[in-house]
Amino acid sequence: MASHAITEVQHVEENYLEVKSRWRGIFAWIFSTDHKRIGILYLVSSLTFFVVAATIGIFMRLEQLTMGETLMSPDVYNRLFTLHGVIMIFLLIIPGIPATFGNFFLPIQIGAKDVAFPRLNLLSWWLYIIGAILAITTLFLPGSLPDTGWTFYVPYAVRTGSNVALAVFAAFILGFSSILTGLNFLTTIHRLRAPGMTWHRLPLFVWALYATAWIQILATPMVGITLLLIIFERVLNIGIFDPTQGGDPILFQHLFWIYSHPAVYIMVLPGFGVVSEIIPTFSRRTIFGYKLIAYSSLSIALFGSLVWGHHMFVSGESDTANIIFSFLTFFIAVPTAIKVFNWTATLYKGSIALEPPMLYVLSSIFLFAIGGFTGLMQATLPIDVHVHDTYFVVGHFHYTMFGGTIWVMLAGLLYWFPKMTGRMYNKKVAYLAWPFMFIGFNVLYGTMMYMGWKGMPRRYYDHLPEFHTDHVIATVGSWLLYIGILILLGNLVYALYRGAKAPDNPWGGATLEWKTTSPPPLENFTQEPVIKHEPYYFREEDNG
Amino acid sequence: MGASNFTNQVDNVFLFILVISVVLLIGITAAMIYFVIKYRRSKHPNPVDIHGNVLLEVVWTVVPFFIVMGFFYYGVVDYREMRNIPEDAMEVEVMGRMWSWMYTYPNGVQTDTLYVPLNKPIKLKIKSVDVIHSFYVPAFRIKQDAVPGMETKMWFKAQQEGQFQVMCAEYCGDRHSYMYSQVHVLPEDEFERWYASAAAEVETFAQAQEGAEVDEAARLEKLVKQGQRLIKTKGCIACHTLDGSRLVGPSFKGIWGKTETVIANGEEKTIVVDEAYLRRSMLEPNVEIVKGYPPAMPPQGSILNEQEIQAIIEFLKTLKAEQ
Ligand code: HEM
Ligand SMILES: [Cu+2]
């Protein structure tokens with residue numbers, strides 16, 4: 001880096017990748033308490049799970065390529081969509097952005113040396129891996145993988161011969177991992193901010209993680225209890241949910257969604273945070289409506305806890321309850337809409353560079369908006385009666401979770417990759433992946449929504465002739481999407497070994513992570529930073 | 001006119017929201033693309049920091065609020081109608097079970113296809129005997145879960161003659177995606193004729209049971225016919241075929257008198273299919289499991305009465321094993 005004479009001086013301190021500890025090789029990672037290494041551990045593991053589950057998705061789509069049996073029996077198909085859903089939800093998107101980028105960048109963005117409880121942080125990762133291993137172990141036990149769908153609805157989950165108890169126990173453990181991460185982040189944000197880092201100078205990513213952490217702590221125990229109850233029910237036959245023993249299957253759905261709906265915001269809020277980082281950087285101007293964005297995260301976290309019943313409009317829930325849940329669901333659309341408007345307004349009079357992270361973020365807003373609008377449709381009672389449990393819903397949640405969160409996660413990866421690894425990837429290849437992903441995505445999930453509207457139920461191994469053309473089109477879309485994903489990730493893996501050295505601030509970002517070296521030193525900064533400005537302050541620094 | 005009284009209603013709300021959504025989506029996307037082009041760095045190197053604008057932010061908080069409240073209101077008005085079941089509706093009981101639907105009419109007729117008269121309100125009382133299913137008629141835009149241990153309700157008025165697909169929309173296991181049935185919408189007079197003849201048939205079957213029939217051969221013949229009907233309406237053919245092919249359970253082809261290996265209490269034993277075995281297989285299917293099959297058959301005691309079991313056995317007796 002001869003061209004960067006000034007930064008050269010700062011490079012005297014070794015970066016976190018070079019630091020030697022008493023562990024070698026892989027152990028230097030899996031026993032490290034450095035929040036950056038833990039972030040990378042999570043990143044590598046969750047991206048691996050992503051590729052595995054996406055591959056499973058491809059096989060599910062292949063099964064739909066012809067009517068009747070194509071590749072597998074219904075038995076296998078049902079286990080595949082369960083596995084796909086469980087991996088995507090519990091191993092990818094719930095830990096997702098907080099555990100990966102949150103771990104890596106939260107302390108740096110607030111000017112701290114590490115999270116509040118580094119060992120607890122390592123424990124969360126271990127719990128995560130143990131949960132994952134348990135879930136996979138079911139494959140080799142009698143009964144094999146569960147075939148219930150990721151929602152584990154009773155009484156089916158109590159009756160099926162497949163191995164539900166262990167898988168549910170795995171999810172239970174993963175819940176703990178999530179709670180610990182949340183706890184860690186809350187404490188870190190409250191206690192470890194650098195001098196001058198007032199609440200209103202926090203980057204919006206930190207605000208988003210803050211709101212998320214509250215949901216993680218408050219809502220996750222709910223699912224923990226529910227999952228334990230299923231295990232009791234299966235193993236001890238106590239009859240809480242089983243109607244033949246006087247139990248109530250609808251109770252399960254309530255308990256399940258009381259967590260799993262707020263969990264949707266655990267999935268999506270951190271993504272909003274990343275968007276709020278990337279847009280100002282590539283517009284080189286401050287965010288429009290900082291406070292409104294920050295507080296809308298909190299209000300989403302709050303109201304998001306009150307809308308679970310919208311998953312149960314046709315379950316036999318009372319009409320009054322349905323109407324109330326529908327109302328509250330519409331209510332929560334408002335803070336989400338506000339964010340989208342504020343992001344768009346942030347582009348106004350900016351100085352915009354459509355670098356790869358920006359391209360992915362902007363297209364993600366488009367996809368997420370589609371997910372949001374279809375969400376409004378589903379919140380409308382008579383429409384939901386028709387589209388509930390059809391491919392319409394499958395399309396909708398892929399638009400929000402995949403088009404929203406996972407796209408943003410990939411954008412974040414493109415954004416922070418040079419900082420985390422010290423290497424720059426090939427931008428041309430990153431651009432090249434985009435049309436594959438974008439077109440493939442819309443062909444796949446757009447078609448799913450369309451056939452859902454026509455009445456194609458979800459979790460169907462086979463389909464009627466009237467849906468056949470749609471299924472073929474969707475499957476072709478899945479190929480394009482998959483190719484795009486492979487190009488995108490392949491490019492990064494290649495860059496890891498062969499990429500050019502990355503400068504400290506390749507995008508001209510203003511938040512603290514861009515003021516340290518790429519990759520950062522063990523304790524993140526050579527000197528404790530002092531914060532004098534709002535987070536998105538792009539004018540010349542006066543403090544040198 | 002829509003296939004049911006709800007079809008157009010639901011489509012209209014949908015269209016209303018769709019149009020507004022598309023307009024907004026295009027608006028936001030166009031604004032983004034316009035800004036990205038207009039303010040690209042090569043043309044607009046000096047950004048302007050704008051921290052916010054209270055008026056604008058109030059506008060885009062309040063306006064979306066009223067839009068979504070509009071959606072909510074429109075939805076609730078239609079939903080109320082969906083839930084407001086007319087007093088004079090004809091009641092049909094819908095029973096969901098792995099993996100078939102059974103309909104019971106007020107006069108006791110049971111079918112595997114839902115026959116309804118045109119333009120008459122029909123009230124469905126929906127139940128399940130095993131796991132949760134969901135009764136779904138896409139063309140009618142109606143759906144309601146069938147929950148074990150509870151009765152859910154729904155109504156509709158068919159407005160077009162013809163046949164419409166019924167599906168199960170709540171995942172319920174291996175053959176979930178084959179849990180189909182049909183709604184046959186008949187003109188009123190035709191429906192009445194069907195209804196009367198089906199009732200008459202029930203009557204004759206009942207006679208076969210009471211032994212009012214003098215001629216034993218004729219009585220058996222009726223039982224066989226009834227049994228043949230029952231394995232359809234009671235959903236046995238969702239898991240058992242008559243042609244020898246394998247579904248979830250073994251085929252009924254050649255079952256009578258067959259020598260079979262079953263597993264009872266974890267031990268294998270050989271049995272010959274006789275009346276007692278068939279009866280046990282229906283009432284306590286999990287006591288002796290046919291080797292090579294999963295213990296997937298639900299006990300049938302709750303949906304078969306003694307006479308019906310007898311009829312099914314008589315029918316199965318006609319499916320003799322090859323010697
Ligand atoms: C290449 C990428 C992907 C493909 C091809 C794919 C495809 C599919 C398919 C075919 C289904 C089954 C639909 C049904 O029959 O009900 C499904 C379900 C699902 N997908 Fe994906 N998907 C992909 C990525 C994702 C991502 C990124 C997420 C989450 C972040 C996700 C979450 C889910 C969930 C939760 C289900 C529901 C599983 C269940 O019904 O229990 N998928 N996906
Ligand atoms: Cu079903």
Side-chain angles (χ1 to χ4, degrees), chain A residues 74-75 78 149 153 155-156 159-161 243 248-250 283-286 288-290 292 314-316 319 323 326-327 330 333-334 337-338 340-341 344 347-354 362 365-366 369-370 373 376-377 380-383 385-386 388-390 454-455 457 459-462 538, chain B residues 6 9-10 13-14 17 21 25 28-29 31-32 35-36 39-41 44-52 57 60-61 64-65 68-69 71-72 75-76 78-79 82-83 131-132 134 136 138 141-145 147-150 152 165 167 169-178 294-295:
Chain A
D75 197 38
N78 296 343
Y153 270 21
Y156 188 75
R159 287 182 172 230
T160 172
D248 182 358
I250 304 294
S283 308
R284 208 161 271 181
R285 53 153 284 184
T286 192
F288 187 96
Y290 172 89
L292 201 57
V314 301
S315 69
D319 298 348
I323 290 172
S326 166
F327 176 81
F330 277 115
V334 177
I338 293 174
V340 172
F341 292 133
T344 312
L347 299 173
Y348 178 68
K349 295 205 171 165
S351 174
I352 299 171
L354 200 61
L362 292 180
I365 296 179
F366 173 82
I370 295 180
F373 286 124
L376 290 177
M377 295 170 185
T380 311
L381 289 162
I383 300 181
V385 168
H386 174 48
H388 175 75
D389 265 333
T390 66
K454 290 198 303 187
R459 296 172 172 171
Y460 259 35
Y461 162 73
D462 202 356
F538 290 90
Chain B
F6 300 123
Q9 265 183 19
V10 172
V13 197
F14 182 73
I17 300 183
S21 302
L25 181 69
I28 295 166
T29 315
M32 284 194 312
F35 290 156
V36 167
Y39 301 116
R40 63 186 184 278
R41 199 160 286 171
H44 195 257
N46 297 313
V48 183
D49 272 341
I50 303 169
H51 284 90
E57 289 178 82
W60 66 49
T61 308
F65 180 76
V68 295
M69 283 304 117
F71 294 172
F72 170 70
V76 167
D78 282 358
Y79 183 66
M82 265 187 182
R83 303 307 305 169
V131 299
I132 302 179
S134 191
Y136 179 32
R141 309 284 187 266
I142 53 172
K143 176 183 295 122
Q144 182 71 52
D145 284 3
V147 185
M150 133 179 197
T152 53
Q165 192 74 44
M167 308 176 168
E170 180 65 60
Y171 173 70
C172 57
D174 272 5
R175 294 191 61 79
H176 168 54
S177 67
Y178 296 99

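Every chain is numbered from 1, with letters handed out A, B, ... down the list of sequences.
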note = Under 4.5 Å to a heavy atom of chain A? For B/Q165 that would be side chain
request  = Answer with side chain, backbone, both or neither: which region of A/Y290 has an atom nearer than 4.5 Å to a non-hydrogen atom of chain B?
outcome  = backbone
key: Most contacts with chain B, counted as non-hydrogen pairs under 4.5 angstrom, among A/V340, A/I365, A/D248, A/T344   = A/T344
message = Nearest 0.5 Å, please: how far is CD1 in B/I17 from OG1 in A/T380?
response = 3.0 Å
message = If I measure from the heavy atoms of chain B, does A/S283 come under 4.5 Å with its side chain, its backbone, both, or neither?
response = backbone
query = Roughly how far apart are B/M32 CE and A/F366 CZ, rounded to 0.5 Å?
reply = 8.0 Å
query = Looking at CG of A/L354 and CZ of B/R40, how far apart are the two atoms once the value is rounded to the nearest 0.5 Å?
reply = 11.5 Å
request  = Between chain B and each of A/P74, A/A337, A/P382, count heavy-atom pairs under 4.5 Å; write down the option with the most.
outcome  = A/P382
message = For A/F288 and B/W60, take the angle between the two ring planes, folded into 0 to 90°, and tell me which bin it lands in: parallel under 30, tilted 30 to 60, perpendicular over 60.
response = tilted
ask   = Who are the ring-ring contact (aromatic ring centres under 6.0 Å, His included) partners of B/F35, not counting sequence neighbours?
value = A/Y348, B/Y39
request  = Dump the intermediate steps for side-chain contact (heavy atoms from CB on, under 4.5 Å) on A/Y156 and B/Y171, then the final yes or no.
outcome  = CA-CA 9 Å; A/Y156 188 75; B/Y171 173 70; 3.7 Å; yes
ask   = Are the side chain of A/S351 and the backbone of B/N46 linked by a donor-acceptor contact shorter than 3.5 Å?
value = no
key: Options B/M82, B/E57, B/M150, B/M69, ranked by heavy-atom pairs under 4.5 Å with chain A, top entry   = B/E57
task = Using side chain to side chain contact (heavy atoms under 4.5 Å, CB included) as the criterion, list what pairs up with B/Y178, not counting sequence neighbours.
result = A/Y461, A/D462, B/R175
query = If you count heavy-atom pairs under 4.5 Å between each of B/F6, B/F65, B/F72 and chain A, which one has the most?
reply = B/F72
task = Taking A/R285 for its side chain and B/I50 for its backbone only, find out whether a donor-acceptor pair lies under 3.5 Å.
result = yes
request  = Between chain B and each of A/S315, A/P249, A/S326, A/A353, count heavy-atom pairs under 4.5 Å; write down the option with the most.
outcome  = A/S315
key: Verdict with supporting geometry, A/T390 and B/K143, side-chain contact (heavy atoms from CB on, under 4.5 Å)   = CA-CA 11 Å; A/T390 66; B/K143 176 183 295 122; 4.1 Å; yes
message = If I measure from the heavy atoms of chain B, does A/A333 come under 4.5 Å with its side chain, its backbone, both, or neither?
response = side chain
message = Below 4.5 Å, heavy-atom pairs only: which of B/P47, B/G149, B/G173 has the largest tally toward chain A?
response = B/P47
ask   = Can you tell which of B/T29, B/L25, B/V147, B/T152 has the highest number of heavy-atom pairs within less than 4.5 Å of chain A?
value = B/L25
key: CZ on A/F373 to CD1 on B/I28, rounded to 0.5 Å   = 5.0 Å
request  = Just say parallel, tilted or perpendicular for the rings of B/Y136 and A/H386, cut-offs at 30° and 60°.
outcome  = tilted
task = For chain B, find which of A/D319, A/V334, A/I352, A/I338 contributes the most heavy-atom pairs closer than 4.5 angstrom.
result = A/I352
ask   = side-chain contact (heavy atoms from CB on, under 4.5 Å) between B/S134 and A/H388: does it pass, once the steps are laid out?
value = CA-CA 10 Å; B/S134 191; A/H388 175 75; 5.5 Å; no
note = CG (A/L381) and CG (B/D78) are apart, to the nearest 0.5 Å, by 10.0 Å
query = Quick one: are A/V385 and B/Y79 in side-chain contact, heavy atoms under 4.5 Å?
reply = yes
inquiry  = For the backbone of A/T286 and the side chain of B/D49, can you confirm whether one donor and one acceptor N or O come within less than 3.5 Å of each other?
reply    = yes
